[in-house]
Every structure is written in C-alpha cells, then in structure tokens.
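Throughout, protein chains are lettered first and strands after them, A, B, ... in sequence-line order, and every chain is numbered starting at 1.
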2 protein chains.
Amino acid sequence: MPAQARRSQTVKVRDVAREAGVAVGTVSRVLNDHPTVTRELRERVERAMAHLGYEVDVTAQSMRAGRSRLVACAIRDFDIPRFALFIKEAEAVLREARYTLLLASTTNRPEVEIALLSAFRRRRVDGVMMTLSDEQHRDVREALSEAPMPVLLIDRNRIEALDRVTADHRQGARLATSHLLGLGHRRIAVLVGDTKAFPSRSRLEGLREAYAAAGVMPDPRLLRDNVLSSEEAYRATASLMSLADPPTALFVAAMDMLGGCLRALRTMGIAVGDGISVVAGSDSDLAELHTPPITAIAWDLAAMGRHAATMLLERMRGDEIERGRGLTVPTELIIRGSTRPVAN
Amino acid sequence: MPAQARRSQTVKVRDVAREAGVAVGTVSRVLNDHPTVTRELRERVERAMAHLGYEVDVTAQSMRAGRSRLVACAIRDFDIPRFALFIKEAEAVLREARYTLLLASTTNRPEVEIALLSAFRRRRVDGVMMTLSDEQHRDVREALSEAPMPVLLIDRNRIEALDRVTADHRQGARLATSHLLGLGHRRIAVLVGDTKAFPSRSRLEGLREAYAAAGVMPDPRLLRDNVLSSEEAYRATASLMSLADPPTALFVAAMDMLGGCLRALRTMGIAVGDGISVVAGSDSDLAELHTPPITAIAWDLAAMGRHAATMLLERMRGDEIERGRGLTVPTELIIRGSTRPVAN
DNA sequence: CCCCGCAAATGAACCGGTTCATTGACTCCC
DNA sequence: GGGAGTCAATGAACCGGTTCATTTGCGGGG
C-alpha cells in the first residue's frame, strides 16, 4: 500500500466529529476525559471512534502541549546485569503513569551527556533520570541547570539542586572493611571504579572510616582505582597478587567486577577463602553460588528504580516540593565463606 | 520561572529567520541540509541560530513528517542479564543513525504486546523490534499485520512476513545433548522455557535430533517446560532430583536459569560434576567461574543486537528487500568440567 | 538589448491535535 | 414573563516546524 494513500486514509478528529455529528472540540474533550461532556455525546463520540478505528496522533498532542509523555533514562552502560533491574522497575512505574521510557547510553563521557540532554530538550522529554561521569564538570553542570525539564540523578549526589536516588555505599564499604579488619587482615587490596563519581568516592570514605575506627592505616599501594571493566579488574588483580608482599584480602569495591578478579585468581592458582579473602562490591548469582560463596555487599536496585521513577513523576507533576530531595537505599553485608581469618 | 514565560521565550524558526534576514523556509532548508542554499545564506542562518541559541522542536518535526525518529524495543523482561548486551548494541547502532530507542517490557503477555503496538503507532514510531509471547496468537498476529511501521522479531521466526534475528538454539541443544549422550548419559533431565516461543521449541527439536541420531528414546518424565524464573528452575530441579530414579545429567535449556538449578543442587547436597553433569543453556560468569566450571551453550548477543538494528534500519529506509529476511547467529558448546562420563 | 532558462529564495498552507472566547439552551427565581 | 446565571457545545486560532507553488535574480544566447 503506498504510504501516501495510507496517510490520507488515516482517521482524524475531524472525521470522528463528522461521524458523531459534533464539533472537533467535543471529540478532543472526550479524548481527554474532560468533565463537561454529557454522557450522551460522550457515548456517540466513543462509538464513532470505535467505528472508524480512530487513533490519536501523539506527535500532534505533543507539539501542541509542548510535552511528550516521554521520560528519558541515560546511564553510563546498560550492560551491567543488575542495572537492568533498576530500569525494569522504573519502566513499570512510568508506564503505570502513562509515560514511555526512552533509553540512551552515555558511555560515561561528558560530551555525550551534554548532547543527550540537548536531544531530550529538543524532543520535549518531560523528565530525565541519569548518571553523570563527573559531577564537577563545568559544561555538564551548565547543561543541567539550563534543562527545562526535571532531572533526577541516579547514584550521584553532588548537585544540590537536583533530586537523587543513591545507595548507601559508604555504609557497605565500612561494613566490608570492618569485617576484613576484624578477621585480622591488614594487607587489604581494594579495587574501585571512577573516583569522580559518587559510588566510588563514597566507598572510599566508608573504607577510611573503618580503618580509622580500627586505628589502622591503609596501604595506598594496594588501592587500584578507575577499574571500569572486567578486563581491567583482571589486570589489576593480577598485578596486586604479583606484588612481593601480596594482599591477604581483596575488596572488589565496584559493581560487577567480581568476574574479572576471580578469573585472575584462578589463572594464578590462588584459592578464594584459603589463599585470599574476597568481598564483592555487589551481589550476584556468581557471588552466591561460587565455591566458596563470596561475601558481598547487597542493596535493592529494584527499589531504587521504583523510587527514582516515583520521585521524578512527583517532580514532573510540579508539586511544591523542596528542591534536591535525596533518597538513600541501605546496603548490607552478606557474610559468606570467602572471608576468613588471616593466616598467620 | 513560570512555564508560560519560558514558553514564549523559546526561539523559533521565525525568530531565526528575522535575525538572519531570510524566510522561514530558508531556515528550514538549512536545518535539513537541503542542497539549494547558498553558502552565504547558510552561514548567516547558522550564525543567527548560534546567536539566539535556537533548538528545533522535534515534536513539531514529527507531527509534520508523520514519523518520530524513534525505534521501539519491546521484550518480555529486561531483567535478563545477557539481554542488556543486545539492547546496548542495538541502541548504539540506532543512535549512530540518529534514532532514539524507546524501551518497554511486554511481561510476556499478548494483551500487553497488542497495547504496546498500538501505543507505538500512536507515537508514529518508525520501527519496532520485539519478542512475542505466542507467535500463533490471533490478535497479536492481526495487530502485527496492521502495523504501519516495520517490525523485526527478536529470536522468533514463525511469522513469515516479518524480518527476524534468531540464535541457532537447535544447533546448541543438539550439540549439548549429543555431548551428554556421548558421555553415556541416558537419564538426562531437561528444563525449557515457554514452548510456545521459538527458542524453547527450537531447543527441543535439537534435543530430539540428537536422541534420534544416537538411536535413544528420551524419557518424557524428565522434561520440565514453562520454566521462566529462577524460582521455578529451583523447584523443577528439586523435584527432578527427588525422583526414585534421578537423572544423571541436567540440561538447563533456558536462558539465565542456571542459578536456580545450582541453588537446588547445593541445597540437596548434590555435587555438580561428580553427582550430576550439568549443561547451561546460556553462558555467564557464573557458568565460567563455578567450581567445577559449567559446560554451556554460547552465542553472540551483541552481534544479534547490532544485526537487529541494522536490518530494521534497512527496512525502514524502504529499500526494496524481500520480506521476512532472517539472520541466524551460530551457537557453540563450550565444554567445561561439569559434564563427565556417567558413573556406572 | 531582450528573452529564456535555471537556480535560489519566499511565505502561505499544511500537519492533527487542543484551547478558549463565544454561542446557545436551559433553569431558577423574583 | 423576563432577566440572570449556569453549563454544554462550538469552531477558529494556535502550536512550530516543512513543503511547494510562486517570485526573484542572474547569466547566456540570439
């Protein structure tokens, strides 16, 4: 069927109005559940719509209204297994409120974040939830402050004016570190991600607090930051375990990096538990079902997704709420067999 | 700032035209890289845009053009870790082509699939890639055939008119089953997902082919279908292993169900490898790093995502291509320590 | 010098809804 | 009976781009 023919065939409010013998304004009011329509006309219009197979053109509605019923989610990389849960729950909440989710990857680069914000504006997106590669980045902050729609930060907290949903990574890291120190470990290797971002900064804080509480000094040579991929985790672990005086414990304080570390340990023939104590920064089937099972920090990403969507919707509704609300989901340490007293 | 004030402040083509001293048509032609604009005017218009901070309104463009530069992806559940890879790669290809990805979950229900197709039409979405809960569902097929935009099926193949990207699950299942039969296993338990959908059907075909080639009859009492969640996998495994004559091998022929099975085996104190041979239907860190490592079927989901997006874009471009093109990515069996000769 | 042909530029009409000032009908009350 | 008040319904104007029939300008040929 030629596109043109199809095009001219589509049923419009005009056609519905003619069929029902009413004005276009009335059809529009029926469409939008406006209260000032008599039951009789409403029914006539609805019959006409059903009869003609009418479907509103959302692009026309968006153009007129200046909003799109779209909510964008931009994160650094959606190939983080547990993050899918966040998105899944957020989408469910948004769809329930008759919004559609728009998804984009920032690849953790400021210029992409800025370009996406601009694209979202041009699309008249109604709200945005996103991660940031660097909360201090001047141009990103400017783009955020100029954004006409509400923006909610995902696991970021440095921009006071914006709403945010975070996990209590500090607490998790503190628990994990205290646990290891309590088992007598003093040479604890730590892998963290991007220290410009909240989660890693926050974990480092928790780590330091635990050391301070124990009256012990951390060894900076055992810290590896900017570990953002499994391959980097592999290399970092390999290099740490090759030190003259290797660590007795490994704290993988980044999301979804456990696999890379375990691969390195296996390659080097080092046994988890006996050879080295391991704590995973995020829980997973792998951590739970490994032999031995791996002590891990856990938090509820599904709840984060739901809260993020809910808070953003509230903000979009324009309710008079104080700016920069923050919600923090707690973290817990699940102690399993991979962490053992240090051998003397 | 009041929305109304902001609203009236936005810069429009009209304003750019006035500033540059040209007609609105010219501004539009510059925006769309139309060739019949002299370099001088183009530059003047571009300067005016930069000066005024002009941003096109995509909703207006969409309304006029009847298309939105949106591509929708609707899958049954995005909380399938490996699927994130598909989406990630598809999004990258689409963004490269200046399309934005719209994401929705069908929760594997036909009525949701139909509702989403309708919502995509109303939004003038330019293309759709999706899974289907049941390719034979009458109403879904009708909704698909009435869709004005191209639809590409993800790992589904029963609708001849539609393009599709599939994995060769039959091959994977055949290899896995032959491998187990070759090790002497005759009591092989099998978990599959929804047999109304292509992947499970296809795996069952491969399974039967392998049995036929070996001249052995499968035991239907060892088959569990409709295993769609980890919890169901747990229960199915537990029930299979409680049989009077329990299986010697377990073929987890569904995506991402390995965790549930392993949990059940662990709870029952059955050792993978010695106690039972296990094959995973999809590869993962868990399969690779388990002790013993678990034999698994692997395929390239990233490539599937790239191909899906590329094929859909070609179709959207309206190129004269035969309808219903199919692309199949190969599967391979990665043999690891979890599959051993049957104990006699 | 004039006319033709071509290319560049113009701006009104259009896309398909929503909004709101206006009209029309009806009720209520004095 | 008539005027005020209420409420439903009307439809032209509008949202912000794009398109295309028309105009303008310019070079070249006769």
Side-chain angles (χ1 to χ4, degrees), chain A residues 3-46 48-49 52-69 121-124 126 148, chain B residues 3-46 48-49 52-69 121-124 126 148:
Chain A
Q4 208 47 46
R6 165 180 292 287
R7 191 65 173 299
S8 59
Q9 280 172 10
T10 58
V11 180
K12 300 152 197 181
V13 271
R14 224 200 318 290
D15 306 311
V16 175
R18 197 185 312 119
E19 170 86 8
V22 300
V24 290
T26 304
V27 176
S28 174
R29 275 153 60 228
V30 169
L31 269 176
N32 296 287
D33 277 326
H34 216 278
T36 67
V37 189
T38 53
R39 171 206 271 269
E40 193 227 327
L41 277 202
R42 171 181 305 282
E43 282 171 1
R44 240 161 71 199
V45 169
E46 279 166 354
M49 284 179 176
L52 298 175
Y54 174 75
E55 280 184 327
V56 264
D57 183 333
V58 178
T59 65
Q61 292 185 310
S62 299
M63 138 126 169
R64 174 70 220 220
R67 47 137 204 68
S68 58
R69 294 204 83 81
R121 289 164 60 149
R122 292 194 301 264
R123 281 202 181 274
R124 301 293 185 259
D126 299 335
Chain B
Q4 207 47 45
R6 164 179 294 285
R7 192 67 173 299
S8 60
Q9 282 172 10
T10 59
V11 180
K12 300 153 198 182
V13 273
R14 224 201 319 290
D15 306 312
V16 175
R18 195 185 315 118
E19 170 86 8
V22 300
V24 290
T26 304
V27 175
S28 175
R29 276 153 58 228
V30 169
L31 269 177
N32 296 288
D33 277 325
H34 215 278
T36 66
V37 189
T38 53
R39 170 204 271 269
E40 193 229 328
L41 277 203
R42 171 180 307 281
E43 282 171 1
R44 240 161 70 200
V45 169
E46 279 166 353
M49 285 180 176
L52 299 175
Y54 173 74
E55 279 184 329
V56 266
D57 183 334
V58 178
T59 64
Q61 294 184 309
S62 298
M63 138 128 170
R64 174 69 220 220
R67 45 139 205 66
S68 58
R69 293 204 82 81
R121 288 163 61 148
R122 292 195 300 266
R123 281 202 182 274
R124 301 293 184 257
D126 298 335

Checking D/dC14, C/dC15, D/dG17 against the side chain of B/M63 (C-beta onward), the nearest is C/dC15
Minimum-distance nucleotide to A/A60 side chain [options: C/dT18, D/dT18, C/dG17]
C/dG17
What is the distance, rounded to the nearest whole Å, between atom [atom1] of [X] and atom [atom2] of [N]?
X      : N      : atom1 : atom2 : value
B/R67  : D/dG17 : CZ    : C1'   : 11 Å
A/M49  : C/dG16 : CE    : C1'   : 13 Å
B/D33  : D/dT18 : CG    : P     : 12 Å
A/R64  : D/dA13 : CZ    : P     : 13 Å
B/R122 : C/dG16 : CZ    : P     : 17 Å
A/L31  : C/dT18 : CG    : C1'   : 10 Å
B/R18  : D/dG16 : CZ    : P     : 13 Å
B/E55  : D/dG17 : CD    : P     : 11 Å

Produce the list of close N/O pairs, under 3.5 Å, pairing protein atoms with atoms of nucleotides 9-11 of chain D; give distances to one decimal.
residue, atom, partner, partner atom, Å
D/dA9, OP1, A/T38, OG1, 2.5
D/dA9, OP2, A/T38, N, 3.0
D/dT10, OP2, A/A23, N, 3.0
D/dT10, OP2, A/T26, OG1, 2.5

Considering just the side-chain nitrogens and oxygens of B/Q61, establish if one lies under 4.0 Å of OP1 or OP2 belonging to D/dT18.
yes
Using OP1 and OP2 only, check whether a side-chain N or O of B/Y54 sits under 4.0 Å from D/dG17.
yes
Please examine the side chains of B/P148 and B/R121, heavy atoms only from C-beta on, and report whether any two atoms are closer than 4.5 Å.
yes
Could you tell me whether the side chain of B/V58 reaches within less than 4.5 Å of the side chain of B/R69, counting heavy atoms only?
no
Are any protein N/O atoms closer than 3.5 Å to N/O atoms in nucleotides 4-6 of chain C? If there are, list each pair with its distance.
none

Report the distance from atom [atom1] of [X] to atom [atom2] of [Y], rounding to the nearest 0.5 Å.
X      : Y     : atom1 : atom2 : answer
B/R123 : A/D57 : CZ    : CG    : 11.0 Å
B/R29  : B/T26 : CZ    : OG1   : 4.5 Å
B/Q61  : A/T59 : CD    : OG1   : 11.5 Å
B/R42  : B/L31 : CZ    : CG    : 10.0 Å

Please answer whether the main-chain N or O of B/E55 pairs with a side-chain N or O of A/R122 as donor and acceptor at a distance below 3.5 Å.
no
Is B/S68 reaching over with its side chain to a backbone N or O of B/R124, donor-acceptor style, under 3.5 angstrom?
yes
Does the pair B/K12 and B/D15 meet the rule for a salt bridge (charged side-chain N to carboxylate O under 4.0 Å, His left out), with working shown?
CA-CA 5 Å; B/K12 300 153 198 182; B/D15 306 312; 5.7 Å; no
Per nearest nucleotide of DNA chain D, the residue lying toward the 5' end, B/H34 or B/D57, is B/D57
